Amino acid sequence: MNNSFLNMASIGEFDPLNASIPATKVEITVSCRNLLDRDTFSKSDPICVLYTQGIGNKEWREFGRTEVIDNTLNPDFVRKFILDYFFEERQNLRFDLYDVDSKSTNLSKHDFLGQAHCTLGEVVGSLGGRLEKPLGWNSKHVCRFYFLHGIPNKKCGTIIVKAEELGNCRESVLMQFCGNKLDKKDFFGKSDPFLVFYRSNEDGTFTICHKTEVVKNTLNPVWQAFKIPARALCNGDYDRTIKVEVYDWDRDGSVFADSKDTIQRLKKRGSANTDRFQEQIRSNHDFIGEFSTSYRELSRGQSQFNVYEVINQKKKNKKKKYLNSGTVTLLSFLVDIEVTFLDFIKGGTQINFTVAIDFTASNGNPAQPTSLHYMNPYQLNAYAMALRAVGEIIQDYDSDKMFPALGFGAKLPPDGRVSHEFALNGNPQNPYCHGIDGVMEAYYQSLKSVQLYGPTNFSPVINHVARYAASVKDGSQYFVLLIITDGVISDMAQTKESIVNASCLPMSIIIVGVGPAEFDAMVELDGDEVRISSRGRFAERDIVQFVPFRDYIDRTGNHILSMARLAKDVLAEIPDQFLSYMRTRGIKPSPAPPPYTPPGHALQTQI
């Protein structure tokens, strides 16, 4: 039955802005419970259709369909949806359920069973990557159902969406090699050997993937252990040929042998450039010989199987008694599974989001349209746009959806004291707001009650979040502070010290500059070019990301696109900053909770 639908079931493309390299791929599995029964003499024959939403025009596009499961109200669909996952984007999903009544692929020919909306972040951020939601109705289908049957007075059932990160050769390998009796190439001394590793390609070419350091003046070198992703060595194919060339370093060729940047550039440009690089190495350094192996062979570790004869084919062709140009031995081979940002989220790590808003007088009178805080009834101001853009994505990773919201640089009622760390909701004992909508409401209420003043001090709000981050260092929580500001920092020295202190804590800082001011000091805090320091002490890691909001304003006036672009850039670094903290502290993700088992006996489903 329904062969047409089985053929239609597909996996589509999901690329909201066509600009990101996906951090990972996520497999979505769908189940439903207690669906409506739309068949007279049997149960419904459900299918699930997934839609994804474009960022600029909000248009829903069909991504793919599951198979049809006959005669059941509790389907567990086998066909999966594979989505590219981007932490920094809001990836809206819509699941539509239908009861299939014929072979037609036109969905309007079938009975609608219900609909659910969520974001991919919601699914990933749910405990164990499992999100359960009630199925509802949209207006179009309510009208159609009312015309045929009257508005349903019973529940439409629930949908269960599970997300699982797809492993993509996540192994890294720590290897160490030594050489023995390598050929002497230098006239006045011994050789200065180094190794170059190449991965074979399907077309017979080779791609360079690693170069060891040079060990000076020895025929029996021991190279330092090095770590390399397995995908760089074999791209997931454990039997793929790995070629290793052995060279004697020559000073005239050091520009090639000592340039890691050159190798990185060549990896990106492809094998043709690799071939040229290989020729340059050979012409500038003395070629000792080569050998071939594979990931599978290397994985045997130190053994007689991993002692390789280094062969120089030209020498072998000329000399009948030639045996080899020495040997290279694998000393150690240790496999480490790379953990990802999603491993921590799946294990229960919470992202705690705090917002701090600049209420200094340089923003202008909020009652005037020229003010950056002006509450236009028809559109969001720059502060509100930045807050909503970043907050709507991060809130998916916080289970209680309660966010501290702070302000700085204002005189507070009733006595007019100046504060650089006040609660937007007016409650210093409990500055938490429910969801981004709660933060927005508290922001608007503050504009009506406080007096914009100054100066622009960052360190108090940074220290506020740092105090909480300092109390949770077990990997269960990570803190993100969003500062939205219009001007030049007044407490630059104290802010630098606060950032340096916070760099050893589980936290990141996002600074969004609004308005026309120059933000040179913010760029200095970002630390991309020069690592930030205070009193001779450098930040342990880069935790600050600064962007000027004006760079993201869409020329056509599309504020949704402006917000998406802003969120994309300011959040892109968070997963790496998060992982850098966890790695330096040796923190591993907690195991994911066991699969959910509903109370009572398991439901039997037909597939």
Side-chain angles (χ1 to χ4, degrees), residues 2 4-18 20 22-36 38 44-70 72-87 89-100 104-126 129-138 140-141 156-166 342 393 396 564 605 607:
N2 303 319
S4 299
F5 265 102
L6 289 173
N7 293 333
M8 276 286 293
S10 61
I11 292 172
E13 295 297 323
F14 187 72
D15 189 10
L17 290 183
N18 277 325
S20 290
T24 190
K25 287 186 181 290
V26 171
E27 179 184 79
I28 297 293
T29 303
V30 178
S31 300
C32 297
R33 294 293 178 263
N34 303 314
L35 293 176
L36 287 175
R38 303 295 296 275
S44 295
D45 305 319
I47 186 172
C48 179
V49 184
L50 172 62
Y51 294 86
T52 58
Q53 192 174 40
I55 288 180
N57 56 17
K58 292 293 182 180
E59 177 187 354
W60 286 104
R61 295 169 294 179
E62 182 177 328
F63 182 90
R65 305 180 183 188
T66 65
E67 77 281 13
V68 179
I69 301 183
D70 294 341
T72 181
L73 304 182
N74 303 296
D76 294 312
F77 296 105
V78 176
R79 185 152 294 171
K80 320 289 186 184
F81 301 109
I82 309 296
L83 301 178
D84 287 335
Y85 165 78
F86 304 88
F87 168 77
E89 294 178 12
R90 183 179 175 86
Q91 296 174 253
N92 291 322
L93 308 178
R94 190 184 93 205
F95 298 88
D96 286 5
L97 275 296
Y98 289 87
D99 172 26
V100 176
S104 173
T105 58
N106 185 343
L107 293 171
S108 66
K109 304 292 185 184
H110 307 281
D111 291 326
F112 181 71
L113 295 177
Q115 182 181 90
H117 292 78
C118 65
T119 67
L120 186 54
E122 273 185 274
V123 186
V124 167
S126 299
R130 181 188 185 278
L131 179 69
E132 184 169 338
K133 299 196 79 169
L135 288 165
W137 292 74
N138 62 30
K140 178 183 74 172
H141 288 106
C156 303
T158 58
I159 186 170
I160 302 162
V161 184
K162 300 175 187 173
E164 184 172 350
E165 183 178 8
L166 291 181
L342 286 191
I393 290 174
D396 288 340
T605 61
I607 298 179

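Model, not experiment: these values are computed from the prediction.
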- Any side-chain heavy atom of R130 sitting closer than 4.5 Å to one from I160? yes

- Task: Verify, without hydrogens or angle tests, whether Q91 (side chain) and D84 (backbone) share a donor-acceptor contact under 3.5 angstrom.
- Result: yes

- Note on the structure: N74 and T72 have their tightest heavy-atom pair at N-OG1, 3.1 Å

- Query: Which heavy atom in C118 sits nearest to a heavy atom in F95, and how many Å separate them?
  - Reply: SG-CE1, 3.8 Å

- Taking side-chain hydrogen bond (donor to acceptor under 3.5 Å, both in side chains) as the test, write out the residues that go with T29, two or more places apart. K80

- Answer yes or no: is there an ion pair linking E27 with K25, defined by an N-O contact shorter than 4.0 Å? no

- Query: Do you know which two heavy atoms are closest between G136 and F112, and how far apart they sit?
  - Reply: O-CE2, 4.1 Å

- Note on the structure: CZ (R61) and CD (E59) are apart, to the nearest 0.5 Å, by 7.0 Å

- Message: As an exercise, state the distance from CD of Q53 to CZ of R90, rounded to the nearest 0.5 Å.
- Response: 9.0 Å

- Message: Ignoring hydrogens, what is the shortest heavy-atom contact between A116 and P134? Give both atom names and the distance.
- Response: CB-O, 4.3 Å

- Calculate, to the nearest 0.5 Å, the distance between atoms CZ and CG belonging to F87 and L342 respectively. 10.0 Å

- Message: Nearest 0.5 angstrom please: T119 OG1 to E89 CD, how far?
- Response: 12.0 Å

- Message: Holding to side-chain hydrogen bond (donor to acceptor under 3.5 Å, both in side chains), I want the full list of residues that pass it with D99, two or more places apart in sequence or in another chain.
- Response: none

- Can you tell me how far CG of L50 sits from CD of E62, rounded to the nearest 0.5 angstrom? 8.5 Å

- Query: Got L120 and F86 here, is their nearest side-chain heavy-atom distance under 4.5 Å?
  - Reply: no

- Message: Is it the case that the side chain of E132 and the backbone of T158 share a donor-acceptor pair, with hydrogens and angles ignored and the cut-off at 3.5 Å?
- Response: no

- Answer yes or no: is there a side-chain heavy-atom contact under 4.5 Å between L135 and L35? yes

- Item | Ring center gap for F63 and Y51 short of 6.0 angstrom | no

- Item | Note, L107 side chain near V49 side chain (heavy atom, < 4.5 Å) | yes

- Are the side chains of H110 and I47 in touch, meaning some heavy atoms are under 4.5 Å apart? no

- Message: In the structure I gave you, are the side-chain heavy atoms of V123 and V26 within less than 4.5 Å of one another anywhere?
- Response: no

- Nearest heavy-atom approach of L113 to R38 is CD2-CG, 3.2 Å

- Note on the structure: Between the CG atom in D111 and the CG atom in L97, the distance rounded to the nearest 0.5 Å is 12.5 Å

- Message: To check you understand the geometry: which heavy-atom pair defines the closest contact between H117 and K133, and what is its length?
- Response: O-NZ, 2.6 Å

- Note: D76-R33 ion pair, threshold 4.0 Å (strictly below): yes

- Item | Distance-only side-chain donor-acceptor flag, N106 / S108, under 3.5 Å | yes

- Query: Can you find a pair of side-chain heavy atoms, one from C48 and one from V30, that are under 4.5 Å apart?
  - Reply: yes

